[in-house]
There are 2 protein chains.
Amino acid sequence: MDGRKARGEKKRRAIVEATLRVIEREGVAGVTHRSVAREAGVPTTAPTYYFATLDDLLIATLLWSADEICDDMLKIVASGGTAGEIARSLAQAVNENRGRTLAEYELYLLAGRRPELKPAARRWLDLAVELARPADPVAFRAFLAAIDGLLIQGLIADVAPNEDELEPIVSFLIRGRDDSTAVPREE
Amino acid sequence: MDGRKARGEKKRRAIVEATLRVIEREGVAGVTHRSVAREAGVPTTAPTYYFATLDDLLIATLLWSADEICDDMLKIVASGGTAGEIARSLAQAVNENRGRTLAEYELYLLAGRRPELKPAARRWLDLAVELARPADPVAFRAFLAAIDGLLIQGLIADVAPNEDELEPIVSFLIRGRDDSTAVPREE
DNA sequence: AAACTTATGGAACACTTGTTCAGGTAGTTG
DNA sequence: CAACTACCTGAACAAGTGTTCCATAAGTTT
């Protein structure tokens, strides 16, 4: 094992994390080699060294962000996956984690223009289907679509909705899915 | 009436339309004074002349795009507003008009970072509520959220969904709203 | 510890960007 | 038709961009 490579891997990840922070703060438009380097506290040319092109850096950030989204979802499912849990998570996403959510959607749209990124962007959707094994696929797809819509609309609301406002909507979507299996399967 | 001003107004609008075309093609990232000028067939400095800053140009484009979205929605409502009509519209948005839809969502997110743009970005939502006067506001909000979700998820699907795939989902969302006003499936 | 390899970073380059500005031009007015 | 004014634009500039390159430092192997 080469210690040099290990250190490199670490710095590489630090750069990706810094990129996500830059996007949270200034949007994808604010991502430049220099701004990322400043944020990560590495030399100006480090991002160029680790990522052939600026695009590659954004792609790596999207992939990493996609992983995090999946992790978050697993946590929600693990904690029961009730309407209340989901509503709390959504409320957090558009309030405390507003910047992060905004960043995730900017990266989401990036995938709209890069076919090779699509699988990563929608990984959480596939994972959700796999975990829930919905009895009524149509209702479940409506539910998943509404999640995205609630988040994105929460981002452009004058005051972002809180848990209590979201809960009835989420509840409606779950109930509508199939009354007999109101709660998603646990593991 | 000064003919000079009339001509200016026309050119101003041409620049905004060119901006939207650039966003469709290359994304917000591709918008520069020069790229817009090239697209509109006007001198390089014309965009700067008509819009104090590049931001102002994007803002004007968002406002114009918001108007168009509202127009489209009015058309759908005028044509009956059935699940089938809505599904056809959504299918068009993620297929024939894919670029346009992508552009609209990029501008949407722009509003997430510019509070003053939020009202314009969600105008179609307010208009929808006004037109529908929903009996069940919770269900209607779920429906509106799902619209956004279906579009954005359609943009990152490997193959965008067509009218027939969307119709059951839209239908489910409308039916859930209020069983007594369920729309009979045609075709 | 010497030889070797790989990671690293500062300086530099060519390029594009947003924006300024002074002059010219077209439409309006007396 | 001459004077005027408001609109418009081409050239130019300073600032910031992505990326290259090579000298150097750091780590590994012999």
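Residue numbers start from 1 in every chain, and the chains themselves are labelled A, B, ... in the order their sequence lines are given, proteins ahead of strands. The basis for the numbers below is simple: all heavy atoms, side chains too, and nothing from hydrogens, waters or symmetry mates. For clarity, every value in this text was computed on a predicted model and none was experimentally measured.
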(request) Mark up nucleotides 13-24 of chain D, 5' to 3', with B wherever a protein heavy atom is under 4.0 angstrom from a base atom, S wherever such an atom reaches only the sugar-phosphate, and - elsewhere. (result) ----BBBB----

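- Following rounding to the nearest Å, B:Lys11 (NZ) and D:dC7 (P) show an atom-to-atom distance of 13 Å.
- Judged by distance alone, the side chains of A:Ser65 and A:Glu104 never bring a donor and an acceptor atom under 3.5 Å apart.
- Using a 4.5 Å heavy-atom cutoff, the side chains of B:Arg141 and A:Pro161 are in contact.
- At whole-Å resolution of the value, CZ in A:Arg12 and P in C:dG9 are 16 Å apart.
- Between the P atom of C:dG10 and the OH atom of A:Tyr49 lies a distance of 15 Å, rounded to the nearest Å.
- Applying the 4.0 Å criterion to OP1 and OP2 of D:dC8, one finds that B:Tyr50 has a side-chain N or O inside that range.
- Considering only heavy atoms from C-beta on, A:Val42 stays 4.5 Å or farther from A:Val36 through its side chain.
- Sorted by first and then second residue, the salt bridge (charged side-chain N to carboxylate O under 4.0 Å, His left out) pairs involving residues 43-55 of chain A (not counting sequence neighbours) are A:Asp55-A:Arg114.
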(message) Could you walk me through whether B:Glu39 and B:Arg34 satisfy the salt bridge (charged side-chain N to carboxylate O under 4.0 Å, His left out) test, starting with their C-alpha distance in whole Å, then the side-chain angles of each, then the deciding distance to 0.1 Å, before giving a yes or no?
(response) CA-CA 9 Å; B:Glu39 174 71 32; B:Arg34 285 166 174 82; over 6 Å; no

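- In this structure, A:Glu9 places its CD atom 15 Å from C1' of C:dT8, rounding to the nearest Å.
- Side-chain N/O atoms of A:Thr48 and A:Thr45 include no donor and acceptor closer than 3.5 Å.
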